[in-house]
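These notes are about the structure you will find just below.
The sequence lines fix the lettering, A, B, ..., with proteins before strands; numbering per chain opens at 1.
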Amino acid sequence: MSTNLRHVKPYEPHEIERKWQRVWSDEGTWRVPNPGQPGFDDSVPKSYVLEMLPYPSGEPHMGHLKTYSIGDALAHFRRRHAMRVIHPMGYDAFGLPAENHAIRTGEHPRASTEASIETFRREFRSWGISIDWSREISSHDPDYYRWTQWIFLRLLERGLAYRAEAPVVWCPHDATVLANEQVVDGRCERCGNPVESRRLEQWFFRITDYAQRLLDDFDELDSWPEHVITMQRNWIGRSEGAEVVFTCEELGIDFPVFTTRPDTLFGATFFVLAPEHPELERLVAGTDAEDPVREYVDRAMRAGIEERSAEDRPKTGVPLGRTVINPVNGERIPTFVADYVLMEYGTGAIMAVPAHDQRDLEFAQAFDLPIRRVVEPAEGEVPDDVAYVEHTAGERLVDSGPFTGMTPAEAIPKITAWLEEQGKGHPAVNYRLRDWLLSRQRYWGCPIPVVYCEECGIVPVPDDQLPVVLPDVEDYAPKGKSPLAAVEDWVATECPRCGGPAHRETDTMDTFVDSSWYFLRYLDPRNDAAPFEREIADHWMPVDQYIGGVEHAILHLMYARFFSKALADMGYLGVQEPFASLFTQGMILRDGDKMSKSKGNVVSPAEYVRRYGADTARTYICFMGPPEKDADWADAGVHGVHSFLRRVWSLAQEVIDRTHPSDPPQDPEGPARELLAKANWAIDKATADIGRRFHFHTAIAALMELVNDSYRLKDSLYGDPTGEAALRFAVATAASVLFPFAPHLAAEVYEQLTGTRVWEQPWPEADPALLERETFTLVVQVNGKLRDRIEASADAPEEDLVRLARESDRVREHIDGRSVVKEIVIPGKLVNLVVR
RNA sequence: GCGGGAGUGGCCAAACCGGUAAAGGCGAUGGAUUCAAAAUCCAUUGCGCGCAAGCGCUUGUGGGUUCGAGUCCCACCUCCCGCACCA
């Protein structure tokens with residue numbers, strides 16, 4: 001039995017952490033050169049390990065600690081597997097919170113943001129994260145946003161950025177437009193207030209051009225969580241069907257509609273336009289319907305998007321008093337305006353088939369319109385108040401002219417082909433994805449580099465005049481246009497093309513633009529001739545492992561994919577997909593809840609680093625459970641991990657004190673062999689858990705077992721050279737494998753034991769001879785129930801195992817006269833005797 | 001409604017290919033140490049019956065496949081996440 005440790009020097013995390021942080025900082029340990037720079041070595045593979053860059057606000061929170069603890073563990077693990085790891089850091093510094101703070105306090109967003117960056121930088125260093133600080137960037141730095149503007153101009157030249165009037169989402173509280181993606185349940189993602197629909201002229205990126213490629217290229221990815229791919233797939237929302245033209249003869253207007261069910265065309269009994277539809281005015285101008293329609297449209301536009309999309313809302317609408325012609329049968333059907341039709345999906349107009357669409361059915365019932373079934377199931381009745389939309393075997397078209405009797409699957413291509421012959425339609429693919437609205441009527445963002453000239457219209461700012469520097473303003477309050485509009489001497493400029501009077505664009509860019517290419521700037525951060533050199537980018541890209549919160553599953557990740565594809569198409573980049581592998585971490589909770597200031601349950605990393613040291617905080621984060629899952633922060637758990645680290649420290653101090661450096665023993669016996677085998681088992685398990693699955697918690701648990709066994713066995717090992725060598729090896733191994741999680745403690749202990757720097761050592765490899773056991777515990781079952789465990793020789797043949805099993809007293813009791821009808825033998829594991 | 005994920009001791013969790021369910025941690029109990037407490041070290045700790053050897057039960061519920069199921073199949077219940085009047 002082990003006794004209390006001899007008196008040893010106590011574990012002083014702060015002293016150790018300060019020491020190693022200074023070494024890493026002074027020596028630039030984590031710097032990695034680019035191709036062409038001194039020290040560049042292409043003989044080992046590169047690995048780009050990247051965590052999502054932080055938005056600097058206040059101080060880092062637990063989520064940051066988790067992201068960077070995971071990423072750093074991986075970066076260290078890969079470095080020690082002979083990879084050149086690039087592991088940079090930067091700040092997503094533009095954004096609303098700093099600006100809202102400025103509105104309240106008058107403090108310039110630059111001042112508060114840079115103060116926060118200083119705090120983040122200091123804390124990241126205090127965590128001992130292995131960053132190549134020479135590559136640090138911030139999106140609000142003119143040296144950075146100059147190139148954001150440059151990329152915008154390239155997209156503009158290529159027609160991928162454009163200005164257009166369109167129905168857009170407006171947040172009255174933040175007084176700016178938003179991207180569709182920034183609306184959550186009809187509310188502004190930032191401030192939580194209901195948003196409205198407005199028709200405004202805005203800047204867009206033509207991401208819809210890339211909809212199909214954004215879907216197809218999921219195949220190119222190495223390892224992304226399936227649910228993230230699914231979320232993006234749903235967001236892009238590809239539907240196959242047909243575009244069909246309905247014509248208003250009286251006015252000679254064609255109305256194309258998109259449908260996934262051209263087989264139900266003969267069931268169309270009316271036609272509906274969205275309130276935002278641009279042809280509405282023309283349809284009703286000068287008719288009796290004009291006033292009621294205008295009133296309905298006004299009301300629909302005033303109602304918030306949240307209200308409009310509320311569930312179970314009764315269908316409303318107004319007849320237009322016009323008809324359109326159904327191209328398949330020449331029938332004139334009435335037209336309506338109704339807000340259940342959305343302008344942003346399809347063409348903003350639909351053919352209504354109440355028999356086969358639940359929404360159309362509800363509208364038809366409310367307005368007493370005919371319901372005509374044109375697809376019949378093979379058997380069974382369909383209730384009157386339910387639209388028949390299923391696709392079942394044996395269903396057939398009815399009352400559908402020449403297509404009657406076909407199955408829907410047959411009819412869809414035939415009807416579409418017929419429409420095409422008539423010039424009334426064609427096969428079509430529709431996407432739910434909308435173009436990315438990038439302009440914001442706010443101050444703290446990257447200025448959009450264009451001017452408006454009375455003669456020349458929209459004129460890009462020439463490259464040699466970039467950056468368009470964000471000027472200081474007096475008043476940050478939003479007034480429906482950007483605060484920049486008030487800076488008259490900045491706004492007034494001359495046209496770069498004709499030299500005449502012109503004014504600058506005063507909107508700024510969505511901050512997601514800044515973060516759509518930052519991972520490329522890290523690669524060539526001081527380049528002042530281009531955002532990055534293609535050769536350098538192609539060397540490091542793609543990001544081999546990207547790590548961040550699942551909240552960016554759609555927005556950031558899709559935008560960055562789009563930017564990469566556009567840059568690749570323009571020849572600036574050699575990869576289509578920026579992030580080969582993605583890992584989405586779970587949240588840190590407190591008492592089962594998200595941490596938030598309003599709940600008062602926020603715990604800050606700094607407090608725990610101060611109390612226990614960074615190694616404890618980081619190791620605890622990695623020990624809490626599988627990192628992809630949410631996990632509850634528990635002070636008792638932190639304490640447990642701290643005890644473990646202290647056990648490692650104290651054990652090492654005692655071992656250093658009582659033993660002498662030596663090589664690991666060659667072929668030990670007894671407890672020395674047992675401990676050596678345990679150390680090799682721990683290496684094997686931790687390597688697999690970290691490398692294959694990111695299951696740091698089980699890797700750390702294996703180290704706990706190794707340390708526990710070392711405590712249990714150490715007193716029987718002291719005094720014997722072989723035993724002491726095994727003990728030294730076990731403790732050095734524990735430190736070596738612990739290094740990715742608790743780098744300071746591990747570096748200190750490893751140096752004490754071996755005189756070398758642990759990060760310069762290759763990752764340990766388990767000795768196969770020591771992974772194999774001479775004996776194993778044979779599990780003996782009778783009829784599948786565990787009846788005995790017998791120590792058996794590892795190389796015993798199957799017959800011997802069966803014999804051992806049958807000879808067991810406990811097994812014989814359970815056979816008890818019955819006969820063994822089957823013997824199942826799993827070598828090295830168990831024998832199951834089936835008796836009857 | 002559509003799509004995705006999850007349910008294992010008092011709590012967090014492990015069990016990777018169908019083969020000893022519960023490794024590791026927290027908590028709890030007992031002991032050592034201490035004037036005492038904290039800290040530390042050691043031991044016990046799924047539930048039930050039993051003095052004990054032992055026996056039985058146990059992975060949300062109910063079925064099935066199998067010599068053997070936490071793991072595979074079917075049906076259901078509960079919870080979480082994403083999207084949602086998407087034509």
Side-chain angles (χ1 to χ4, degrees), chain A residues 1-5 10 184-185 225-235 237-239 241 257-261 264 272 308-313 315 338-342 344-353 356-360 362-363 389 430-432 550-551 553-554 586 620 623-626 628-641 643-644 646-647 650 685 688-689 692-693 695 697-705 707-708 711-712 777-789 810 813 821-826 828-835:
Chain A
M1 284 303 104
S2 184
T3 54
N4 238 328
L5 288 166
V184 178
D185 294 333
E226 201 52 49
H227 69 278
V228 173
I229 292 177
T230 305
M231 279 163 72
Q232 288 202 13
R233 231 181 221 133
N234 292 345
W235 190 264
R238 183 181 200 273
S239 298
V257 301
F258 174 77
T259 177
T260 54
R261 294 295 304 275
T264 63
V272 190
R308 225 177 118 175
S309 61
E311 244 178 290
D312 297 333
R313 193 162 150 269
K315 296 282 176 286
D339 65 5
Y340 81 93
V341 174
L342 308 173
E344 56 272 22
Y345 187 78
T347 61
I350 61 153
M351 67 170 200
V353 185
H356 302 293
D357 183 287
Q358 190 61 34
R359 298 153 298 175
D360 296 346
E362 286 164 21
F363 191 86
V389 293
N430 194 56
Y431 299 92
R432 202 187 78 105
V550 73
E551 64 273 19
I554 296 176
Y620 174 62
F623 185 63
M624 290 173 84
E628 67 275 14
K629 278 186 63 179
D630 291 351
D632 210 73
W633 185 271
D635 288 356
V638 182
H639 191 261
V641 165
S643 297
F644 165 64
R646 197 167 40 217
R647 266 164 82 77
S650 304
K685 175 157 178 60
D689 288 348
R692 278 214 331 256
R693 304 196 296 167
H695 276 201
H697 61 308
T698 52
I700 294 166
L703 294 177
M704 289 173 168
E705 285 193 56
V707 170
N708 290 345
Y711 269 80
R712 183 168 56 84
T777 308
L778 178 70
V779 170
V780 184
Q781 299 177 332
V782 176
N783 284 349
K785 282 197 185 288
L786 174 73
R787 292 305 173 191
D788 205 356
R789 289 168 228 230
R810 301 194 42 209
E813 272 172 46
V821 297
K822 201 169 183 182
E823 293 158 344
I824 312 276
V825 184
I826 309 293
K829 280 229 156 80
L830 63 72
V831 169
N832 185 15
L833 303 174
V834 186
V835 302

Strand partner of U71(B), provided both Watson-Crick or wobble distances fall under 3.5 Å: none
Out of U40(B), G24(B), G68(B), whichever nucleotide has its closest atom nearest the side chain of His639(A): U40(B)
5′-ward residue of the pair Gly346(A)/Asp632(A) relative to RNA chain B: Asp632(A)
Whole-Å distance separating the CD atom of Glu705(A) from the P atom of A22(B): 13 Å
Chi class for C17(B): syn within 90° of 0, otherwise anti: syn
Whether Asn430(A) side chain and Phe258(A) backbone form a donor-acceptor pair below 3.5 Å: no
Sugar-phosphate, base or nothing in reach of Val353(A), heavy atoms under 4.0 Å: nothing
Which nucleotide in A13(B), G24(B), A87(B) has an atom nearest any side-chain atom of Thr260(A): A87(B)
Between G62(B) and G5(B) - C1' atom distance, rounded Å: 23 Å
Between OG on residue Ser239(A) and CZ on residue Arg261(A), distance to nearest 0.5 Å: 13.0 Å
Distance, P atom - from A53(B) to A39(B), rounded to whole angstrom: 34 Å
CD-CG distance between Glu705(A) and Asn708(A), expressed to the nearest 0.5 angstrom: 7.5 Å
Separation of the P atoms in G60(B) and C12(B), to the nearest angstrom: 14 Å
Assigned partner base of A84(B), Watson-Crick or wobble definition, under 3.5 Å: none
Side-chain N or O of Arg787(A) closer than 4.0 Å to phosphate OP1/OP2 of G56(B): yes
Rounded distance in Å between the P positions of A14(B) and C85(B): 37 Å
Asn234(A) side-chain proximity, nearest of U40(B), G3(B), C55(B): G3(B)
Nearest-neighbour nucleotide for the Tyr340(A) side chain, A23(B), G3(B), C85(B) considered: C85(B)
Nucleotide nearest Ala701(A) when distance is taken to its side chain, options G19(B), G3(B), A23(B): A23(B)
For U66(B), the Watson-Crick or wobble partner whose two distances fall under 3.5 Å: none
A43(B) versus U8(B) - spacing of their C1' atoms, nearest Å: 26 Å
Of the listed nucleotides G19(B), A23(B), C85(B), the one nearest the side chain of Arg313(A): C85(B)
Value rounded to 0.5 Å, distance of CZ in Arg432(A) from CZ in Arg238(A): 15.5 Å
Paired nucleotide for A38(B) [Watson-Crick or G-U wobble; both distances under 3.5 Å]: none
Any donor-acceptor pair under 3.5 Å from Tyr711(A) side chain to Arg647(A) backbone: yes
Sugar-phosphate, base or nothing in reach of Arg233(A), heavy atoms under 4.0 Å: nothing
Nearest-0.5 Å distance that lies between atom CZ in Phe644(A) and atom CZ in Phe623(A): 8.5 Å
Lys822(A) side-chain N/O to C67(B) phosphate OP1/OP2 under 4.0 Å: yes
Phosphate contact (U58(B) OP1 or OP2) by Lys785(A) side-chain N/O below 4.0 Å: no
For U29(B), the Watson-Crick or wobble counterpart (both distances under 3.5 Å): A43(B)
N/O (side chain, Arg647(A)) to phosphate O (OP1/OP2, C42(B)) under 4.0 Å: yes
Ser643(A) vs U40(B): side-chain N/O to OP1/OP2 distance below 4.0 Å: yes
Nearest-nucleotide pick for Asp357(A), side chain only, options being G4(B), A14(B), A87(B): A87(B)
Sugar-phosphate, base or nothing in reach of Gly640(A), heavy atoms under 4.0 Å: sugar-phosphate
Base partner of G7(B), which must satisfy Watson-Crick or wobble distances under 3.5 Å: C77(B)
Atom-to-atom span, CG of Leu830(A) to P of A21(B) - whole angstrom: 10 Å
For A14(B), the Watson-Crick or wobble counterpart (both distances under 3.5 Å): none
Phosphate OP1/OP2 of A13(B) contacted by Lys629(A) side-chain N/O (<4.0 Å): yes
Side chain of Val834(A) - closest among C67(B), C16(B), G24(B): C67(B)
Spacing between Glu226(A) atom CD and G4(B) atom P, to the nearest angstrom: 9 Å
Whole-Å distance separating the CG atom of Asp360(A) from the C1' atom of C86(B): 12 Å
Phosphate contact (A15(B) OP1 or OP2) by Arg693(A) side-chain N/O below 4.0 Å: yes
Base partner of G50(B), which must satisfy Watson-Crick or wobble distances under 3.5 Å: none
Gap between atoms NZ and P, on Lys685(A) and C16(B) respectively (whole Å): 9 Å
P gap between A37(B) and G30(B), integer Å: 13 Å
Interatomic spacing from CE in Met351(A) to CG in Asp357(A) - rounded to 0.5 Å: 9.0 Å
Residue-phosphate contact under 4.0 Å: Ser239(A) side-chain N/O, A87(B) OP1/OP2: yes
Whole-Å distance separating the OH atom of Tyr620(A) from the P atom of A13(B): 10 Å
Interatomic distance, Arg712(A) CZ vs C42(B) C1' [rounded to whole Å]: 13 Å
Residue-phosphate contact under 4.0 Å: Arg432(A) side-chain N/O, A87(B) OP1/OP2: no
Separation of the P atoms in A38(B) and U44(B), to the nearest angstrom: 22 Å
Residue closer to the 5' end of RNA chain B, Arg810(A) versus Arg359(A) (nearest nucleotide): Arg810(A)
Distance test, side-chain N/O of His697(A) to OP1/OP2 of A14(B), below 4.0 Å: yes
Test: Asp360(A) and Lys315(A) ion pair at under 4.0 Å: no
Euclidean distance, atom CG of residue Asp689(A) to atom P of A13(B) [Å, nearest integer]: 17 Å
Syn/anti state of G25(B) by chi, 90° boundary around 0: anti
Arg787(A) side chain to Val780(A) backbone, donor-acceptor under 3.5 Å: no
Candidates C26(B), C67(B), A14(B) - which lies nearest the side chain of Ala636(A): C26(B)
Parallel, tilted or perpendicular, as decided by the 30° and 60° cut-offs, for the rings of Phe363(A) and Tyr340(A): tilted
Distance between C1' atoms of U61(B) and C67(B) (Å, rounded): 26 Å
